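We number each residue from 1, following the sequence as shown. Just the heavy atoms: all of them, side chains too, but no hydrogens, waters or symmetry mates, feed the values below. Treat the numbers as computed from the prediction; the structure is a model and nothing was measured.
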Amino acid sequence: MDPKHLFYLSEIIRYGSLSRASEHLGVVQPTLTRIVKALEDQVGSPLLVRGRYGVSPTDIGDQLATTGMEIAKQIATASDAISTWNAGLGRELRVGVGPMLAVSIASKFLDEYLRRKRPFALAITTATAGKLVDQLNNGEIDIAIAPSRLNMHQEKLVQEVILDDHMAVYAGAKSKLRGLNRVITPSELANEEWAIVGARSNIYEDQNGTFEMLRIPHTLPRISFSGDITMCLSLLETSFVLVCLPKRLTEFTGRIAASQRLQVDAVLPPRNVAFWATKENWHKPQVIHFRNSLLKWLTSVNDTVRHHVI
């Protein structure tokens with residue numbers, strides 16, 4: 001069975017007609033018809049159901065088309081590799097970044113990094129910490145910059161803490177607790193509206209632990225965010241909600257004032273930032289190059305980061 005024929009079949013099904021697939025592929029329609037017939041002869045069963053508005057797959061046609069789609073992905077990957085090489089870059093480094101990191105240190109680092117001569121292209125993915133770990137394990141990304149504390153054991157992965165941070169409580173700009181120069185009591189915290197960040201990121205249990213440390217274990221958040229931090233930051237700029245966020249990263253965004261950080265009678269848990277990779281990738285030259293560049297940049301801006309959280 002010719003893999004290219006399976007690819008053509010998947011495109012026919014994707015476009016819903018032989019004529020549209022023919023235009024996209026640059027292959028004349030009679031050729032596609034002969035390919036489908038050849039596949040059906042091999043299978044011994046129809047692969048397509050022809051209707052008034054085009055074609056749809058039979059069960060076996062759909063199964064074969066799935067394989068064809070995987071072939072299409074491999075073709076796209078090969079095309080990207082050729083483009084990367086022709087651009088004078090050795091290869092592509094696929095980097096996953098957590099949402100909070102994407103709006104704080106990552107964008108600033110990448111702005112600096114792009115000014116330098118680098119030996120490879122970058123493909124950036126933003127996702128929750130749990131999804132990034134899954135993508136690392138599945139080989140979909142090469143490295144990740146994400147929280148170092150996740151509620152899972154990972155045998156295939158290596159992590160190195162690159163930035164120390166810890167959780168803090170922030171009040172919205174309109175909160176009556178903002179700017180109070182005293183410790184906020186647990187009863188005052190419990191009477192406020194709360195938002196949760198990372199509700200489906202495999203770090204929600206850490207936030208529940210934070211509420212217990214604040215002695216408000218039965219808090220029911222009015223709203224939760226997962227996979228996005230910009231809406232939460234906007235909410236802190238305009239509303240009265242309370243939210244627990246990593247201190248250094250939050251204030252390094254430049255969007256949240258230090259006066260919005262509340263004094264609480266608790267030592268809140270760490271939320272350190274780690275550089276993640278598989279054991280297989282950890283010592284690859286491009287991974288080492290990117291990690292060293294990131295660590296060097298963090299060292300250079302460390303005083304700036306610290307200044308934001310004083």
Side-chain angles (χ1 to χ4, degrees), residues 87 89 92-133 135-136 141-150 159-168 170 173 197-198 201 203 225-238 243-261 270-277 281 285-310:
L89 304 171
E92 180 181 77
L93 185 67
R94 301 167 299 172
V95 182
V97 181
M100 173 59 84
L101 286 149
V103 299
S104 55
I105 65 171
S107 57
K108 294 176 175 62
F109 164 67
L110 290 174
D111 178 58
E112 174 67 23
Y113 188 73
L114 289 173
R115 300 173 191 271
R116 307 173 186 174
K117 184 177 180 180
R118 59 202 186 283
F120 42 79
L122 295 177
I124 310 296
T125 297
T126 301
T128 61
K131 288 182 180 178
L132 290 178
V133 168
Q135 290 174 344
L136 277 172
I141 58 176
D142 301 308
I143 60 177
I145 308 169
S148 63
R149 295 186 63 207
L150 296 177
Q159 61 170 310
E160 174 186 352
V161 173
I162 59 174
L163 183 69
D164 295 327
D165 205 350
H166 64 274
M167 300 300 288
Y170 290 90
V197 175
S201 305
I203 57 176
F225 298 96
S226 183
D228 180 86
I229 190 64
T230 55
M231 286 188 288
C232 181
L233 294 176
S234 296
L235 202 62
L236 282 172
E237 292 174 319
T238 60
V243 62
C244 287
L245 290 171
K247 180 179 178 181
R248 299 180 78 180
L249 294 182
T250 297
E251 296 181 27
F252 195 62
T253 65
R255 296 182 58 175
I256 306 303
S259 63
Q260 291 179 251
R261 183 182 355 118
R271 180 55 56 78
N272 299 327
V273 177
F275 185 97
W276 292 73
N281 285 339
Q286 62 269 24
V287 172
I288 293 173
H289 181 277
F290 189 87
R291 184 170 76 248
N292 289 344
S293 297
L294 178 57
L295 289 170
K296 182 178 180 180
W297 180 82
L298 283 171
T299 299
S300 71
V301 301
N302 192 50
D303 289 340
T304 303
V305 177
R306 188 180 294 112
H307 173 75
H308 276 278
V309 300
I310 291 175

What residue pairs, at least two apart or across chains, pass salt bridge (charged side-chain N to carboxylate O under 4.0 Å, His left out) with a residue in residues 99-110?
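Not a single pair qualifies under salt bridge (charged side-chain N to carboxylate O under 4.0 Å, His left out).
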
Closest non-hydrogen atom pair between [X] and [Y], with its separation:
| X | Y | value |
| --- | --- | --- |
| Ala274 | Gln159 | CB-OE1, 3.5 Å |
| Val243 | Cys232 | CG2-SG, 4.0 Å |
| Gly98 | Leu132 | N-CD1, 3.6 Å |
| Arg255 | Ser234 | NH2-OG, 2.9 Å |
| Ala144 | Leu136 | CB-CD1, 3.8 Å |
| Val97 | Ala106 | CG1-CB, 3.7 Å |

[Y] backbone acceptor or donor facing [X] side chain under 3.5 Å:
| X | Y | result |
| --- | --- | --- |
| Arg94 | Leu122 | no |
| Ser107 | Val103 | no |
| Asn272 | Asp165 | yes |

If you round to the nearest 0.5 Å, how far is [atom2] of [Y] from [atom1] of [X]?
| X | Y | atom1 | atom2 | result |
| --- | --- | --- | --- | --- |
| Thr126 | Leu101 | OG1 | CG | 9.5 Å |
| Leu298 | Ile105 | CG | CD1 | 5.0 Å |
| Thr128 | Gln135 | OG1 | CD | 8.5 Å |
| Ser293 | Ile288 | OG | CD1 | 11.5 Å |
| His289 | Tyr113 | NE2 | OH | 4.5 Å |
| Ile229 | Thr253 | CD1 | OG1 | 9.0 Å |

request  = Please work out which of the three classes, parallel, tilted or perpendicular, describes the rings of Trp297 and Phe252, given edges at 30° and 60°.
outcome  = perpendicular

- Query: Can you check whether Leu294 reaches Phe275 side chain to side chain, under 4.5 Å on heavy atoms?
  - Reply: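 A side-chain contact exists here, since the closest heavy-atom pair is under 4.5 Å.
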
Exercise for the section: For the residue pair Met167 and Pro246, establish whether any side-chain heavy-atom pair is separated by less than 4.5 Å. Expected result: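 They are in side-chain contact.
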
From the options Glu251, Lys247, Gln260, select the one residue that forms a side-chain hydrogen bond (donor to acceptor under 3.5 Å, both in side chains) with Tyr170.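 Per the side-chain hydrogen bond (donor to acceptor under 3.5 Å, both in side chains) rule, the option paired with Tyr170 is Glu251, out of Glu251, Lys247, Gln260.
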
Report the C-alpha distance between Val273 and Val161 in whole Å, list the side-chain angles of each, state the deciding distance to 0.1 Å, and finish with yes or no for side-chain contact (heavy atoms from CB on, under 4.5 Å).
CA-CA 6 Å; Val273 177; Val161 173; over 6 Å; no

Self-check item: Among Ile141, Val287, Ile124, Asn281, the one residue meeting side-chain contact (heavy atoms from CB on, under 4.5 Å) with Leu93
Solution: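 Testing each of Ile141, Val287, Ile124, Asn281 against Leu93, the sole residue satisfying side-chain contact (heavy atoms from CB on, under 4.5 Å) is Val287.
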
task: Apply the test side-chain contact (heavy atoms from CB on, under 4.5 Å) to residues Leu235 and Leu233: give CA-CA distance (whole Å), side-chain angles for both, the deciding distance (0.1 Å), then the verdict.
output: CA-CA 5 Å; Leu235 202 62; Leu233 294 176; over 6 Å; no

Decide side-chain contact (heavy atoms from CB on, under 4.5 Å) for Met100 and Arg271; before the verdict, give the C-alpha distance in whole Å, the side-chain angles of both, and the deciding distance to 0.1 Å. CA-CA 11 Å; Met100 173 59 84; Arg271 180 55 56 78; over 6 Å; no

Run the numbers on Val197 and Leu245 for side-chain contact (heavy atoms from CB on, under 4.5 Å), then give the verdict. CA-CA 8 Å; Val197 175; Leu245 290 171; 3.7 Å; yes

Margin query: When you compare the side chains of Arg261 and Thr250, does any donor N or O come within less than 3.5 Å of an acceptor on the partner?
Written below: no

